[in-house]
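Structure first, then comments.
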2 protein chains.
Amino acid sequence: MSITIRDVAQAAGVSTATVSRALRGLPHVDPETRERVRRVAQEMDYVVSPSASRLASGRTGTVAVITPFIDRWFFSTVLSGISDVLQGREVDLIVFEVGDPSTSPGLPTERRLRGRADGMIVVTLPTDAPRIADLLEIGLPASFIGATWPGVPSVCIDDAAAARTATQHLINLGHQRIGIIPGRPAASTSQGNRSKGYREAMTGAGLDVDPALEAHGYFTVAGGEAAMTALLSQPNPPTAVFAMSDDMAFGAIRSLQRHGIRPGSDIAIASIDGHDLAELLDLTTVGQPVAEMGRMAAEALLGRMLGSDGDTQQDVVVPTTLVVRGSTVPIERTAAFG
Amino acid sequence: MSITIRDVAQAAGVSTATVSRALRGLPHVDPETRERVRRVAQEMDYVVSPSASRLASGRTGTVAVITPFIDRWFFSTVLSGISDVLQGREVDLIVFEVGDPSTSPGLPTERRLRGRADGMIVVTLPTDAPRIADLLEIGLPASFIGATWPGVPSVCIDDAAAARTATQHLINLGHQRIGIIPGRPAASTSQGNRSKGYREAMTGAGLDVDPALEAHGYFTVAGGEAAMTALLSQPNPPTAVFAMSDDMAFGAIRSLQRHGIRPGSDIAIASIDGHDLAELLDLTTVGQPVAEMGRMAAEALLGRMLGSDGDTQQDVVVPTTLVVRGSTVPIERTAAFG
DNA sequence: TTGAAAGCGCTAACAC
DNA sequence: GTGTTAGCGCTTTCAA
């Protein structure tokens with residue numbers, strides 16, 4: 001049906017091997033021959049059959065991304081960064097959306113991965129050690145984003161530092177009762193580190209870490225709203241809250257709105273992410289370079305897939321930036337509450 | 001290196017042909033044989049080589065999604081819906097992020113597609129007829145989302161009706177000077193229809209369509225903000241604005257905030273999308289079932305890929321729902337402006 | 001119901 | 001620098 005390498009070989013008056021070499025830019029081909037082959041191939045509108053090429057070479061020229069979600073800001077942004085570099089290198093991108101590890105059954109992604117990709121990028125699959133171990137077992141080069149794993153290169157922020165920055169910012173503003181909205185009860189490394197950063201900042205300032213001032217937000221807007229509502233119903237509510245993600249902070253803001261409390265003026269809120277819409281909601285947040293993290297992970301993976309193993313840094317920590325907005329104002333201007 | 005069909009055949013005491021048939025659930029296999037083959041395969045942890053299978057059968061078992069963006073709400077949500085059904089059918093998903101057709105060079109996605117997928121889903125590539133024609137030329141079954149094309153099944157909303165609904169809602173509230181924020185000057189079919197719906201509602205109510213009350217928002221938050229700002233600087237600004245997407249409406253709200261104008265109370269805003277965060281921003285919007293649209297397109301495509309061609313509806317129009325929120329309040333409660 | 005065998009279209013030794 | 005050739009691991013007639 002469609003044009004094969006043999007047709008091209010015939011038309012160019014060379015062997016299929018030469019066509020293969022010429023078209024792939026391999027050495028030991030006469031420049032003139034190469035040019036002729038290229039021209040003929042183009043004229044015939046020849047495209048290599050990926051299946052055949054893959055079968056013969058053992059390489060797929062594709063990278064698999066394993067991510068819990070596609071449709072959330074952090075993940076789609078990471079994905080876009082990854083796609084950006086893969087596209088530039090003509091590498092295919094296949095996506096496995098595996099869902100929330102704590103609720104989804106943990107499908108056998110591992111079986112579905114074999115022979116389909118030359119490498120994989122795993123995006124923050126926290127609390128799911130067994131699945132990750134399974135994935136790594138198939139022996140593909142891997143790159144992690146937002147999580148670390150022994151022996152696997154990764155791109156992360158310094159979660160503890162980011163949390164410390166956010167919390168310290170609230171402390172500097174004069175707050176003393178600072179609540180916290182973590183994601184899920186079962187802590188991932190990343191979440192654990194953010195907790196740690198929060199506590200460090202608190203105790204470093206001689207402040208109490210009141211367990212009553214903690215409410216889980218499950219990394220969603222709705223969860224953040226519920227969490228904030230819970231915090232507000234405390235006998236002695238916080239005057240400031242650190243949320244571990246922007247989405248949860250959004251929810252918290254919504255809760256405040258519902259209660260007629262003005263974020264910033266009445267209760268300060270700071271979080272981590274740098275979500276597109278944080279500016280719109282006037283949310284103070286510690287921004288992470290999410291798309292860039294995707295790009296870096298892809299770049300690193302590609303590097304290792306091509307074998308140049310030496311210069312690969314194991315764990316990259318990218319910088320974050322505190323962006324101060326209206327959701328955090330000095331305590332002098334903050335109305336007493338409760 | 002890894003286990004092949006021959007190993008399994010040998011271990012099960014049958015031919016490779018039988019293993020192939022047994023494992024794929026083809027008929028004409030003794031139930032007992034099938035069971036034995038299955039067991040052996042499982043014990044050996046055998047996984048079919050996709051490349052070999054693809055080369056031999058000519059089918060890839062993968063669907064390609066061609067989308068301008070990954071990291072924007074509409075697109076990531078569609079993608080997630082698609083992924084949802086593909087994952088369930090064990091079909092691979094490969095993604096091509098082609099960028100904004102009006103600015104990106106229009107890469108030869110078409111060459112990169114051949115032999116890599118059995119079908120494709122094209123997500124709202126407006127104003128880009130040449131590229132689409134190229135894509136369709138390779139003869140893969142296709143499914144469109146958010147755009148229609150002669151002969152290609154699609155899933156869309158009724159754009160004109162959605163725009164009419166939003167505009168009529170503003171009219172019903174008592175507004176007469178109603179501005180509009182479209183996306184890009186070069187209209188896609190979808191955008192054209194939304195314009196049409198807006199004009200129909202306006203003229204139907206005997207209202208003027210003032211060209212001065214139109215400012216493009218380029219489907220982004222920043223663009224929407226600029227557009228609203230432009231509208232506000234009119235000698236006689238609108239009292240209500242219809243934005244063609246939630247993102248642009250978000251930007252418009254931001255502009256209002258910056259100008260000390262309260263959305264809803266001072267100027268009404270309505271748009272189309274049903275963005276996750278619309279509730280948070282108290283935005284009235286005509287919601288489209290985005291993830292569901294992705295699911296439907298995938299389902300339809302899969303159906304056609306499996307050959308059951310008859311029952312495929314060509315163009316599906318999914319319903320939208322007006323969700324009224326604080327950004328639109330009756331004119332009685334709207335302060336005069338300007 | 002099962003097996004033998006001919007490819008699928010390419011790559012990679014190895015010869016020349 | 002180029003050609004020959006033997007696979008890569010499966011699917012799919014065609015016979016049995």
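Excluded from the calculations below are hydrogen atoms, water molecules and symmetry mates; all remaining heavy atoms, backbone and side chain alike, are included.
Between the axis at the start and the axis at the end of the helix from C:dT1-D:dA16 to C:dC16-D:dG1 there is an angle of 30°, using five pairs per end and rounding to 10 degrees.
Dashed line: the shortest gap from a side-chain N or O of A:Ser20 to OP1 or OP2 of C:dT11 is under 4.0 Å. Contact between the side-chain N/O atoms of A:Thr18 and the OP1/OP2 oxygens of D:dG3 is found at a separation under 4.0 Å. Distances shown here put every side-chain N or O of B:Ser15 at or beyond 4.0 Å from the OP1 or OP2 atom of C:dT2. Proximity of B:Ser53 to the phosphate of D:dT11: a side-chain N or O atom is located under 4.0 Å from OP1 or OP2. Contact annotation: A:Arg59 side-chain N/O to C:dA12 OP1/OP2 distance is under 4.0 Å.
Residues that satisfy the side chain to side chain contact (heavy atoms under 4.5 Å, CB included) test with A:Arg114, not counting sequence neighbours, are A:Glu110, A:Ile138, B:Asp45, B:Val47. With sequence neighbours excluded, no residue forms a side chain to side chain donor-acceptor pair (under 3.5 Å) with A:Thr16. When the ring-ring contact (aromatic ring centres under 6.0 Å, His included) test is applied to B:Phe75, the partners found at least two apart in sequence or on another chain are B:Phe69. Not counting sequence neighbours, the partners of A:Arg89 by the side chain to side chain contact (heavy atoms under 4.5 Å, CB included) test are A:Val91, A:Glu299, A:Leu302, A:Leu306. Remark: A:Glu292 pairs with A:Pro289, A:Arg295, A:Met296 by the side chain to side chain contact (heavy atoms under 4.5 Å, CB included) rule, at least two apart or across chains. Checked against side chain to side chain contact (heavy atoms under 4.5 Å, CB included), B:Arg38 has the following partners two or more places apart in sequence or in another chain: B:Leu23, B:Arg34, B:Glu35. Here A:Asp71 pairs with nothing under the side chain to side chain donor-acceptor pair (under 3.5 Å) rule; sequence neighbours left out. Qualifying ring-ring contact (aromatic ring centres under 6.0 Å, His included) partners for B:Phe219, counting only residues two or more places apart in sequence or in other chains: none.
The CZ-C1' distance, from B:Arg54 to D:dC10, rounds to 13 Å in whole Å. Taking atom CG on A:Leu26 and atom P on D:dG3, their separation rounds to 15 Å, with Å as the unit. Summarising the geometry, the separation between CG on B:Leu23 and C1' on D:dT12 is reported as 16 Å, rounded to the nearest angstrom. In this structure, A:Ile5 atom CD1 and C:dC8 atom C1' are separated by 14 Å, rounded to whole Å. Whole-Å rounding puts the A:Asp7 CG to C:dC8 P distance at 11 Å. For the pair B:His28 NE2 and D:dT13 P, the interatomic distance rounds to 12 Å; values are reported in whole Å.
For A:Arg24, taking side-chain heavy atoms from C-beta onward, the closest of the listed nucleotides D:dT11, C:dA12, C:dA4 is C:dA12.
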Between the protein and nucleotides 5-8 of chain D, which nitrogen or oxygen pairs are less than 3.5 angstrom apart?
unit_1, atom_1, unit_2, atom_2, d
D:dC8, O2, A:Ala56, N, 3.3

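Base engagement by A:Arg21 is indicated by at least one non-hydrogen atom pair under 4.0 Å involving a base atom.
Within residues 30-41 of chain A, no residue has a heavy atom under 4.0 Å from DNA chain C.
A:Arg112 places a side-chain N or O within donor-acceptor distance of the main-chain N or O of B:Glu90, the cut-off being under 3.5 Å.
Among residues at least two apart or in separate chains, salt bridge (Lys or Arg N to Asp or Glu O under 4.0 Å) pairs with a member in residues 49-70 of chain A are A:Arg54-A:Asp92.
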